[in-house]
Amino acid sequence: MARDLTKEKVVQKAAELANYLGDVHQLKLKDLAAALNIKVPSLYNHVKGADGLIDALRIHALTQLDDLLRDAVAGKIGDEALMAAAQSYRAFAHANPGIYQLIIQAGEPGSEVERIGRNTLSFLLLILGSFGLAGDEALHVVRGFRSLLHGFVSLEIAGGFELDLDLDQSFERLIKDYISGLKAVS
């Protein structure tokens, strides 16, 4: 396994383990090495220790989310595009509970994390253009949208919704209400 091991394979296995554990910070290099059937020092050929692994996982998570958003929104505009973006964000969080938390922090200026974040932001701004929003107004809306999504999925993943009420319906209503608010101000 060590001969055909790549950084991508290391990061993919780390993401799988982190998602299984439910928290990336529970992932230990020794456990990752064991899962890859290598010794811990061999990991350093692919990532720069625990911090380097976290950085690589953050890039992996952001890239996955960006790809999911673009695929979900392809061919859609307006309400339909924003709803599809919201649903794909939520699906990403559920499918990746261990690495989801890594997408929250902004990247350092000039970093790969910042570059991916800017690509995703540009994409969301295009969607908001179909609502007639641009400039600072659109940026405020993106912040609100991101906060709305993160709040809901964080509470949902943590088991914060105990009422016997359909969560899918609650989520859809939340996004529809947000979109209605956008239309009222645009």
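We use all heavy atoms of the structure for the numbers below, so side chains are in, but hydrogens, waters and symmetry mates are not. Just so you know, residue 1 is the first one in the sequence shown, and it goes up from there.
Put simply, Val40 and Val47 are part of the same group of oily side chains (I, L, V, M, F, W, Y) that touch within less than 4.5 Å, one to the next. Hydrophobic cluster membership differs between Leu126 and Phe145, with clusters built from Ile, Leu, Val, Met, Phe, Trp and Tyr side chains linked at under 4.5 angstrom. Ile104 and Leu69 fall within a single hydrophobic cluster, where Ile, Leu, Val, Met, Phe, Trp and Tyr are joined by side-chain heavy atoms under 4.5 Å apart, directly or via other members. A chain of hydrophobic side-chain contacts below 4.5 Å, direct or via other Ile, Leu, Val, Met, Phe, Trp or Tyr residues, connects Leu148 to Leu155.
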Take Asp168 and Glu172, measure what side-chain contact (heavy atoms from CB on, under 4.5 Å) needs, and give me the verdict at the end.
CA-CA 6 Å; Asp168 293 337; Glu172 188 171 319; over 6 Å; no
Please determine whether side-chain contact (heavy atoms from CB on, under 4.5 Å) holds for the pair Tyr100 and His150, giving the CA-CA distance in whole Å, both sets of side-chain angles, and the decisive distance to 0.1 Å.
CA-CA 10 Å; Tyr100 167 71; His150 177 64; 2.6 Å; yes
Check the pair Ile99, Gln64 against side-chain contact (heavy atoms from CB on, under 4.5 Å), reporting the backbone distance first and the verdict last.
CA-CA 11 Å; Ile99 62 172; Gln64 270 195 327; 4.1 Å; yes
Before giving the answer on side-chain contact (heavy atoms from CB on, under 4.5 Å), spell out for Asp55 and Arg58 the whole-Å C-alpha distance, their side-chain angles and the decisive distance to 0.1 Å.
CA-CA 5 Å; Asp55 290 343; Arg58 182 171 283 117; 3.9 Å; yes
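In this structure, Ile59 and Ile116 approach most closely via the heavy-atom pair CG2-CD1, 3.8 Å. Listed here is the closest heavy atom pair of Leu57 and Val11: CD2-O, 3.6 Å. Residue His46 comes nearest to Thr6 through the heavy atom pair ND1-C, 3.7 Å, listed as atom of the first residue, atom of the second, then distance. Residue Arg70 comes nearest to Phe123 through the heavy atom pair NH1-CD1, 3.5 Å, listed as atom of the first residue, atom of the second, then distance. The shortest heavy-atom contact between Val113 and Ala106 is CG1-C, 4.4 Å. Taking all atoms of both residues into account, the shortest heavy-atom contact from Ala61 to Ile103 is CB-CG2, 3.7 Å.
Two residues are said to be in side-chain contact when any heavy atoms from C-beta on lie closer than 4.5 Å; Leu65 and Thr120 fail this criterion. Looking only at side-chain heavy atoms (C-beta outward), Arg90 and Leu167 come within less than 4.5 Å of each other. Two residues are said to be in side-chain contact when any heavy atoms from C-beta on lie closer than 4.5 Å; Tyr178 and Val141 meet this criterion. The side-chain heavy atoms of Asp71 and Ser88, taken from C-beta on, include no pair separated by under 4.5 Å. Annotation: side chain of Leu82 is in contact with side chain of Leu182 (closest heavy-atom distance under 4.5 Å). Inter-residue side-chain proximity for His94 and Ile157 is flagged as met; some heavy-atom pair is nearer than 4.5 Å. For the pair Leu36 and Leu43, the minimum side-chain heavy-atom distance is below 4.5 Å. When side chains are defined from C-beta on, Gln101 counts as touching Asp23, because their heavy atoms get closer than 4.5 Å.
Residue-environment remark: CG (Leu121) exceeds the threshold of 12 foreign heavy atoms within 6.0 Å. Heavy atoms of other residues, nucleotides or ligands lying less than 6.0 angstrom from CG of Asp166 number more than 12.
Taking the six-membered ring where tryptophan is involved, the planes of Phe161 and Phe152 are tilted, since the angle between them lies from 30° to 60°.
Rounded to the nearest 0.5 angstrom, Phe171 CZ and Met83 CE are separated by 7.5 Å. Separation of atoms OG (Ser154) and CG (Leu149) is listed at 10.0 Å; rounding is to 0.5 Å. Note that CG of Asn119 is 10.5 Å distant from CD of Glu114, once rounded to the nearest 0.5 Å. To the nearest 0.5 Å, atoms CG (Leu53) and NE2 (His60) are separated by 11.0 Å. Note that the CG atom of Leu125 and the CG atom of Leu133 stand 9.5 Å from one another [nearest 0.5 Å]. Between the OG atom of Ser42 and the CG atom of Asn37 there is a distance of 10.5 Å, given to the nearest 0.5 Å.
Ser130 places a side-chain N or O within donor-acceptor distance of the main-chain N or O of Ile127, the cut-off being under 3.5 Å. No donor-acceptor pair closer than 3.5 Å links the side chain of Gln12 to the backbone N or O of Glu8. Judged by distance alone, with hydrogens and angles left aside, the side-chain atoms of Asp31 form no donor-acceptor pair with the main-chain N or O of Leu27 at under 3.5 Å. Lys76 places no side-chain N or O within donor-acceptor distance of the main-chain N or O of Ala85, the cut-off being under 3.5 Å. Looking only at distances, no side-chain donor or acceptor of Asp66 sits under 3.5 Å from a matching main-chain atom of Leu62.
Between Asp79 and Lys183, at least one side-chain nitrogen of the basic residue sits less than 4.0 Å from a carboxylate oxygen of the acidic one, meeting the salt-bridge criterion.
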